[in-house]
> 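One structure, as C-alpha cells, below. Some questions next.
Predicted model only: the values in this text are computed from it and were never measured. Throughout, numbering of the chain's residues begins at 1 and tracks the sequence.
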Amino acid sequence: MDRRESILKYISKSQAGIEIGPWFSPIAPKRDGYQCLVLDVFDTATLRERASKDPNVHQSLIANIEEVDLIGSSTKIGELIGARGQRNAFDYIVSSHNFEHLPNPIRFLRGCAEALKPEGMLSMAIPDRRGCFDYLRPVTRLSEWIQAFIDERERPTPAQNFDSREAFAHINDGAKTSFAFVRATPPATVEADLDLERLYADWQLRSSNGDENYYDAHCSVFTPASFELLIRDVGFLRLAPFDVVEIVDAGCEFHAHLRLCEPGHGANPADYRHVRNELLHRIQDEAAETSHAWQSQKMESEIERVLSNDTIEAAHARIRELEQSIYVLRRSTTWRATEPLRRGVSMLRALRGKER
C-alpha cells in the first residue's frame, strides 16, 4: 500500500468529501473521479500565482492545482459548510500536513463534526516529530489545545511562532547540512542554530507594533501516541466527538483515521484510565528514540545479536557499519554513551582475530 492508498484507506470515489489545502498535490483529486470539494485560504488564481513564483514548485505541477470551492480558514470549516447549507452532508474530510498548523485544533475538530455525516471519516497525514524539523521540540499537551479553544484563537501566538523557530532542527553530518529527515537519524547529527537574540528581538518588535499579520508555524507537535492521546482526551472531555479507528506509522509521518461518533458515545470507556496510561508510556518510548542513550542501547543489542547469531562474515560487515555509527556519535558531547558500542566493536575485532 503506497502513501496515497494509506491515507485514502477508508474513502471511496463514490462518496462526498472535502480536501483541505491540497495546493498542487491533491490526495483525492476531482480529475481522478473523487467527489471532493477543495477548501483553501486562497482562491484558485492566487494559488496558481503563488506556485508560479515559488522556486521550489516545478512549473509542471501548477496544472495539478484544482478549483477551490470553499475559501477560508480550515479552522472555520463548520461555518463555511453551514453557509452552504451542507451540514452533515459529507462522508469524509482528508488533509495532508495541515493539522499541525492549526491554531485551534479543537474548533477544527468540532467544525469537521458539523460537516460530516454520522460515522464520517477524518483522515489526515501528519508529520512525526521524530522525522522532521520538530525533532528537538516536546510534544503538544492537552492544556495547550484547551487554552487555544478557550481563547477562540484564530492565528498562531507569538510564543508558538518563537517555539517553532528557536528549536528548528536540521541535520549536520559533517559533510552537508539538510532539513530532510529520516527516522532513526543519529541524534548527534541533529542541531538547531543559536538564533535566540534575533528571535527575541522579532517578538518584541511585533508586540510593540501591535503586528496583526499571520505568521505560520507548527502550532502542534506530535508522535503517533501523543496525537492519539490528545484525540482520546478531547473525546473523553466531550470537546470533539471523534473515535480513533487507526493510526498508521509511516516513517516521517503518520496517517490518522478518525470516525465521527455520536456526542458522548465511547467518550468515557470503563477502561480509559488503563488506556490513557498505556498511551502516556508509549509517548515516553517514542521520545526515547531521539536520545543518544536509546540509540546506543539499540546498537549494543545489535552487537550482541551479531555475536550470538551471525556468521563471522556477517560480523565483519557489521564492524564497518558500527564504526561509522561511532564516528557520528563521537561528535556528540555524550561520548560516554558510546562506551557500549566501542566495547562491542572491540569484541567483534577480537572474534575476527581468532578466526585468522
Side-chain angles (χ1 to χ4, degrees), residues 1-9 19-28 39-41 54 56-57 74-75 93-106 108-109 112 122-142 144-145 148 156 160-171 177-187 189-192 215-231 234 242 244 246-258 279 282-291:
M1 183 180 296
D2 64 19
R3 178 180 186 269
R4 186 179 176 197
E5 289 172 335
S6 178
I7 299 169
L8 297 176
K9 183 175 180 179
E19 181 165 2
I20 297 171
W23 201 17
F24 59 81
S25 185
I27 297 170
L39 185 158
D40 204 289
V41 70
D54 190 330
N56 296 313
V57 179
S74 56
T75 304
I93 297 169
V94 64
S95 77
S96 175
H97 289 238
N98 288 287
F99 189 72
E100 67 277 7
H101 293 268
L102 298 178
N104 194 337
I106 293 175
F108 168 76
L109 291 170
C112 289
L122 172 59
S123 295
M124 302 181 288
I126 300 172
D128 188 324
R129 63 160 281 272
R130 298 169 295 175
C132 75
F133 49 74
D134 289 326
Y135 188 99
L136 298 172
R137 296 179 65 188
V139 296
T140 297
R141 301 305 301 267
L142 178 62
E144 298 172 66
W145 276 19
Q160 287 174 323
N161 195 267
F162 181 86
D163 287 344
S164 69
R165 297 161 70 196
E166 62 89 9
F168 191 93
H170 56 87
I171 301 171
T177 298
S178 174
F179 295 102
F181 279 67
V182 294
R183 283 276 294 280
T185 292
T189 67
V190 181
E191 58 186 38
Y215 294 97
D216 190 31
H218 276 195
C219 297
S220 295
V221 177
F222 306 108
T223 57
S226 79
F227 172 84
E228 181 174 350
L229 179 64
L230 285 165
I231 296 299
V234 297
F242 283 93
V244 177
E246 184 179 19
I247 296 179
V248 180
D249 188 336
C252 296
E253 65 180 12
F254 57 91
H255 304 154
H257 301 286
L258 313 179
L279 285 168
R282 276 179 50 200
I283 292 168
Q284 299 303 310
D285 292 340
E286 290 171 338
E289 185 179 311
T290 56
S291 74

> Please name the pair of heavy atoms, one in Ala125 and one in Arg3, separated by the smallest distance, quoted to 0.1 Å.
CB-NH2, 3.6 Å
> Would you please test Asp163 and Val221 for side chain to side chain contact (heavy atoms under 4.5 Å, CB included) and show each step?
CA-CA 11 Å; Asp163 287 344; Val221 177; over 6 Å; no
> How many angstroms lie between atom OG of Ser164 and atom CG of Asp216, to the nearest 0.5 angstrom?
8.0 Å
> Mind checking whether Phe181 and Tyr135 have ring centres under 6.0 Å apart?
yes
> Between Arg4 and Asp2, is there a side-chain N and carboxylate O pair less than 4.0 Å apart?
no
> Rounded at 0.5 Å granularity, tell me how far CZ in Phe227 sits from CD1 in Ile247.
5.5 Å
> On a heavy-atom basis, which atom in Arg130 and which in Asp249 lie closest, and how many Å separate them?
NH2-OD2, 3.8 Å
> Dump the intermediate steps for side-chain hydrogen bond (donor to acceptor under 3.5 Å, both in side chains) on Thr290 and Arg129, then the final yes or no.
CA-CA 10 Å; Thr290 56; Arg129 63 160 281 272; 3.2 Å; yes
> Could you walk me through whether Asp134 and Val139 satisfy the side chain to side chain contact (heavy atoms under 4.5 Å, CB included) test, starting with their C-alpha distance in whole Å, then the side-chain angles of each, then the deciding distance to 0.1 Å, before giving a yes or no?
CA-CA 9 Å; Asp134 289 326; Val139 296; over 6 Å; no
> Going through the checks in order, is the side-chain hydrogen bond (donor to acceptor under 3.5 Å, both in side chains) test met by Ser226 and Arg141?
CA-CA 8 Å; Ser226 79; Arg141 301 305 301 267; over 6 Å; no
> Would you confirm whether Glu286, through its side chain, and Ala225, through its main-chain N or O, come within 3.5 Å as a donor-acceptor pair?
yes
> Main chain of Ile20, side chain of Ser74: is a donor-acceptor contact present, judged purely on distance under 3.5 Å?
no
> Which pair of heavy atoms, one from His257 and one from Ser123, lies closest together, and at what distance?
ND1-OG, 2.9 Å
> Taking atom NE2 of His218 and atom SG of Cys132, what is their separation to the nearest 0.5 Å?
6.0 Å
> When rounded to the nearest 0.5 angstrom, what is the spacing between CD1 in Ile126 and OG1 in Thr223?
11.0 Å
> Please work out which of the three classes, parallel, tilted or perpendicular, describes the rings of Phe222 and Phe99, given edges at 30° and 60°.
parallel
> Where is the tightest heavy-atom contact between Asn104 and Ala148, given as atom of each residue plus distance?
ND2-O, 3.4 Å
> With side chain to side chain contact (heavy atoms under 4.5 Å, CB included) as the test, would you mind laying out the steps for Ile171 and Thr177 before giving the verdict?
CA-CA 5 Å; Ile171 301 171; Thr177 298; over 6 Å; no
> Looking at Gln160 and Ala217, would you say the former's side chain and the latter's main chain have a donor-acceptor pair under 3.5 Å?
no
> Return the minimal non-hydrogen interatomic distance between Leu122 and Phe242, and the atom names on each side.
CB-CE2, 4.1 Å
> Look up atom SG in Cys252 and atom CZ in Arg183, then write down how far apart they are to the nearest 0.5 Å.
7.5 Å
> I'd like to know if the side chain of Asp285 reaches the main chain of Ile283, judged simply by a donor and an acceptor atom lying under 3.5 Å from each other, with no hydrogens or angles considered.
no
> A side-chain contact here means heavy atoms from C-beta on lying under 4.5 Å apart; do Glu246 and Val248 qualify?
yes
> Rounded to the nearest 0.5 Å, how far apart are CD of Glu166 and CG of Asn161?
11.5 Å
> I'd like to check the salt bridge (Lys or Arg N to Asp or Glu O under 4.0 Å) partners of Arg282; sequence neighbours left out, ordered by chain and number.
Glu228
> Under 3.5 Å, is there a donor on one side chain and an acceptor on the other for His255 and Ser6?
yes
> Is Asp128 close to Pro224 at the side-chain level, that is, under 4.5 Å between some pair of heavy atoms?
yes
> Decide side chain to side chain contact (heavy atoms under 4.5 Å, CB included) for Thr185 and Thr189; before the verdict, give the C-alpha distance in whole Å, the side-chain angles of both, and the deciding distance to 0.1 Å.
CA-CA 7 Å; Thr185 292; Thr189 67; 3.3 Å; yes
> Taking all non-hydrogen atoms of both residues, which atom of Thr140 and which atom of Leu230 are closest, and how far apart?
O-CD1, 3.9 Å
> For His170 and Phe179, take the angle between the two ring planes, folded into 0 to 90°, and tell me which bin it lands in: parallel under 30, tilted 30 to 60, perpendicular over 60.
perpendicular
> So do the side chains of Pro127 and Glu100 get within less than 4.5 Å of each other, counting heavy atoms only?
yes
